[in-house]
Amino acid sequence: MYRTHTCGDLRKSDAGRQVVLSGWVQRSRDFGGMTFVDLRDRYGITQLVFNMETDPGLCEKARKLGREFVIRASGRVTERSSKNPRILTGDIEILVEDMEVLNASRVPPFTIEENTDGGDDLRMKYRYLDIRRPPVKDHLILRHRMAQEVRKYLDGQGFIEIETPVLIKSTPEGARDFVVPSRMNRGEFYALPQSPQTFKQLLMVAGMDKYFQIVKCFRDEDLRADRQPEFTQIDCEMSFVEREDVLNTFEGLAGHLFQAILGIQVPAPFPRLSYQETMEKYGTDKPDLRFGMEIHDLSVVARGKGFQVIDGAEYSGGICAPGAAGYSRKLLDELTEFVKRPQIGGRGLIWVKFETDGNIRSSVDKFYTAEDLRKWGECCGARSGDLLLVMSGETQATRYALGELRLEMGDRLSLRDKNRFIPLWVVDFPLLEWDEETGRFYAMHHPFTSPRLEDIDLFESDPAKVRANAYDLVINGVEIGGGSIRIHDERLQKTMFKNLGFSEEAAREQFGFLMQAFRYGAPPHGGIAFGFDRWVALFGGSESIRDFIAFPKNTAGRDVMINTPAPLPGEQLKELGIRVIK
RNA sequence: GGUGGCGUAGUUCAGUUGGUUAGAAUGCCGGCCUGUCACGCCGGAGGUCGCGAGUUCGAGUCUCGUCGUCACCGCCA
């Protein structure tokens with residue numbers, strides 16, 4: 001027998017018991033006459049004691065143990081004379097009577113501890129060692145618990161978990177596909193799904209009514225801290241629903257997860273912001289509502305005083321940083337540098353200090369009187385002691401830059417508390433997005449998203465103005481999920497394809513199966529998909545999803561542990577009928 | 001596709017204006033130690049300064065290229 005208990009089990013009440021434990025040697029402390037060994041497994045750490053007086057041979061053996069050796073030890077549980085309150089098993093130790101090395105270990109390349117000394121690339125190369133560390137292990141356990149709660153909740157709501165194929169068909173819209181060659185159909189390729197979108201709609205046509213799946217999705221696009229080439233979605237679809245039905249159902253899911261995982265009660269319904277409104281107030285479609293500091297339009301109030309930067313700009317806007325009027329020249333310069341970074345794209349930054357003694361000082365005193373600036377302050381809700389930060393330029397770009405500045409100020413003023421969660425729905429996205437390069441419209445969400453029916457006439461006059469019946473769930477500035485009410489009508493779907501520049505043939509070629517299905521009584525339906533990795537990372541207090549995935553890929557899409565992607569042997573290529581060009 | 005950061009001992013990092021023998025901590029190895037739990041003390045080993053060119057009397061340090069890695073922009077329906 002390898003073990004009677006785990007390394008996290010034993011307590012004071014177990015004193016006197018004869019036990020067998022197996023695990024890894026975390027560390028040993030050798031005193032010559034006696035040796036302590038910390039034995040670790042997934043459940044905890046238990047101290048083993050070896051004594052030279054009791055059994056010199058065994059004690060010598062224990063002194064030779066190295067880090068990460070796998071051993072089995074049997075002995076008697078005893079209460080410690082000096083306890084360790086920092087671990088759960090700290091009241092007891094095992095007086096070892098027999099010990100066996102099950103497997104020796106080379107010295108690991110980094111320390112397997114709460115805070116490792118290993119860098120990212122090493123940790124990835126030896127991921128199986130990294131996962132032994134409590135933080136990574138706990139992230140994976142958190143992920144497991146969330147997945148179980150999702151299943152529990154959705155099952156309780158009558159959702160059926162159904163698997164959809166992984167070898168599917170490449171589609172031209174959207175992200176690049178990963179493709180898989182077919183040996184039996186030479187010259188033809190499968191694609192891995194970017195999401196099970198069309199299949200879940202077909203399941204609605206099939207009458208399954210409520211579907212969900214925790215499923216891998218694949219997108220061959222450049223990566224980020226919160227993007228992996230393969231990632232996991234909680235994919236859901238429902239029949240006979242309107243937007244509010246979907247939002248209510250999944251507010252329920254979110255509320256359940258907050259409660260079950262974090263023990264937090266989140267008030268429902270979540271706030272709903274239109275895309276238009278969030279772009280105006282926060283400069284982004286995924287606002288962080290943990291703090292105010294909204295963007296205010298100063299275009300009108302600031303114009304006409306001879307300051308070319310503002311007078312010549314399409315748009316001027318400002319944010320009011322509470323209590324920051326004391327910012328030094330150096331800090332203001334830092335902020336100016338921040339907005340001028342190419343990623344932010346600002347040309348410069350105007351500041352106005354509403355000092356606590358009532359004075360108003362600004363970087364544009366030459367052009368504006370105190371009275372002028374007081375009006376700016378009124379527009380932005382500035383109070384005594386606040387700092388107003390103003391930028392000018394093209395509307396969209398300036399709002400974006402102000403949005404980024406807002407987040408920066410939120411960080412600097414410690415307004416983004418990791419332990420607070422403010423979810424909201426962003427609704428009424430534009431249905432279509434104009435692409436300058438190709439000179440045509442693309443679906444902002446996907447081509448099956450229903451327009452808001454009252455906007456349908458705009459298809460003819462001003463397609464860019466058509467609003468989608470789509471929604472995103474945003475928590476603390478992170479896009480956690482999104483979905484829409486779908487088109488279930490063949491004719492409307494055709495109109496949509498037409499506006500996207502699909503020829504009738506192309507549409508039939510790509511999505512004919514869906515159009516065909518719609519002819520056989522497609523119910524009104526809609527759904528949503530959540531970025532599971534992001535949601536877990538958010539609950540785990542991290543911006544990077546990498547440490548919530550057991551075996552993630554690096555920013556170049558490589559797995560440095562198994563070293564892939566890799567070339568294929570010529571034989572294999574030949575069998576697939578593929579020649580690699582350089 | 002683009003911008004930027006980083007690359008020095010097993011690991012994490014320091015390394016001045018370009019200057020003689022490249023340091024620290026930790027880990028590792030050896031010794032001592034009977035109540036530690038980041039044990040302590042003593043000693044030791046350990047380096048192609050990512051790689052390749054160039055500038056220079058002289059390059060870890062400067063320049064260019066290249067590779068790796070991270071962050072961001074584009075991209076991600």
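Quick caveat, the model's predicted, so the values are computed rather than measured. Numbers restart at 1 for each chain; the letters A, B, ... are given by sequence-line order, proteins then strands.
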Original post:
So what does A:Leu122 touch, heavy atoms closer than 4.0 Å: a base, only the sugar-phosphate, or nothing?
Top reply: sugar-phosphate

**OP:** Measure from the side-chain heavy atoms of A:Arg558 and tell me the nearest of B:U69, B:G74, B:A71.
**Re:** B:U69

Subject >> Any residue meeting ring-ring contact (aromatic ring centres under 6.0 Å, His included) with A:Tyr275, in chain and number order, not counting sequence neighbours >> reply: A:Phe429

Original post:
Mind checking what makes side chain to side chain contact (heavy atoms under 4.5 Å, CB included) contact with A:Pro193, not counting sequence neighbours?
Top reply: A:Val166, A:Ile168, A:Phe218

Subject >> Spacing between A:Asp285 atom CG and B:C76 atom C1', to the nearest angstrom >> reply: 13 Å

**OP:** Quick one: label A:Val560 by what it contacts on the DNA or RNA (base, sugar-phosphate, nothing), any heavy atom closer than 4.0 Å.
**Re:** sugar-phosphate

**OP:** Output the single nucleotide from B:C75, B:C76, B:G35 whose closest atom is nearest the side chain of A:Phe36.
**Re:** B:G35

Original post:
Looking at the side chain of A:Glu221, which of B:C70, B:C76, B:C37 is the nearest nucleotide?
Top reply: B:C76

Subject >> side chain to side chain contact (heavy atoms under 4.5 Å, CB included) partners for A:Lys64, two or more places apart >> reply: none

**OP:** For B:A9 and B:A22, measure between their P atoms and round to the nearest Å.
**Re:** 14 Å

Subject >> Whole angstrom value for the distance that separates C1' of B:U36 from CG of A:Asp30 >> reply: 11 Å

**OP:** Identify whether any heavy atom of A:Arg546 sits under 4.0 Å from a base atom; if not, whether one sits that close to sugar-phosphate; answer base, sugar-phosphate or nothing.
**Re:** sugar-phosphate

List every contact pair, protein side and nucleotides 23-27 of chain B side both N or O, where the distance is under 3.5 Å.
| unit_1 | atom_1 | unit_2 | atom_2 | d |
| --- | --- | --- | --- | --- |
| B:G27 | O3' | A:Arg67 | NH1 | 2.8 |
| B:G27 | O2' | A:Arg67 | NH1 | 3.2 |

Subject >> With A:Lys137 via salt bridge (charged side-chain N to carboxylate O under 4.0 Å, His left out) - residues at least two apart >> reply: none

Under 3.5 Å, which N/O atoms of the protein pair with N/O atoms of nucleotides 1-4 of chain B?
| unit_1 | atom_1 | unit_2 | atom_2 | d |
| --- | --- | --- | --- | --- |
| B:G1 | O6 | A:Asp222 | OD2 | 3.1 |

Original post:
Do the ring planes of A:Trp434 and A:Phe441 sit parallel (below 30°), tilted (30 to 60°) or perpendicular (above 60°)?
Top reply: perpendicular

Original post:
Between B:C75, B:G35, B:C73, which one does the side chain of A:Ser82 approach most closely?
Top reply: B:G35

Subject >> Stems formed with participation of RNA chain B [Watson-Crick or G-U wobble, under 3.5 Å, three or more pairs] >> reply: B:1-7 with B:67-73, B:10-13 with B:23-26, B:28-32 with B:40-44, B:50-54 with B:62-66

Original post:
Between B:C37, B:C70, B:U34, which nucleotide has the shortest distance from any of its atoms to the side chain of A:Asn51?
Top reply: B:U34

Original post:
Tell me the side chain to side chain donor-acceptor pair (under 3.5 Å) pairs involving residues 29-43 of chain A, sequence neighbours left out?
Top reply: A:Gln26-A:Arg40, A:Arg29-A:Asp38, A:Arg29-A:Gln47, A:Asp30-A:Thr35, A:Asp30-A:Arg63, A:Arg40-A:Glu68

Subject >> Partners passing ring-ring contact (aromatic ring centres under 6.0 Å, His included) against A:Phe530 (at least two apart in sequence or in another chain) >> reply: A:Phe250, A:Trp535

**OP:** Taking only the side-chain heavy atoms of A:Asn84 (C-beta and beyond), determine which of B:C75, B:G35, B:C37 contains the nearest atom.
**Re:** B:C37

Subject >> ring-ring contact (aromatic ring centres under 6.0 Å, His included) involving A:Phe36 - partner list, sequence neighbours excluded >> reply: A:Phe31

Original post:
What's the closest nucleotide to the A:Ala225 side chain, out of B:A71, B:C76, B:C37?
Top reply: B:A71

Original post:
Just how far, in rounded Å, is P of B:C37 from CD of A:Glu113?
Top reply: 14 Å

**OP:** Assign the ring pair A:Tyr128 / A:Tyr126 to parallel, tilted or perpendicular, where the plane angle (0 to 90°) is split at 30° and 60°.
**Re:** perpendicular

Subject >> Of all pairs that satisfy salt bridge (Lys or Arg N to Asp or Glu O under 4.0 Å), the ones with a partner from residues 394-405 of chain A, not counting sequence neighbours >> reply: none

**OP:** Remember a base hit wins even if backbone is also touched, and classify A:Gly32 as base, sugar-phosphate or nothing at under 4.0 Å, heavy atoms.
**Re:** base

Original post:
Heavy atoms under 4.0 Å, any strand shown: does A:Lys125 hit a base, just sugar-phosphate, or nothing?
Top reply: nothing

**OP:** Report yes if the ring of A:Phe31 lies under 5.5 Å from the six-membered base ring of B:C33 with planes under 30°, and no otherwise.
**Re:** no

Subject >> Residues in ring-ring contact (aromatic ring centres under 6.0 Å, His included) contact with A:Phe231, at least two apart in sequence or another chain >> reply: none

**OP:** Could you tell me whether the side chains of A:His139 and A:Arg133 share a donor-acceptor contact shorter than 3.5 Å?
**Re:** no

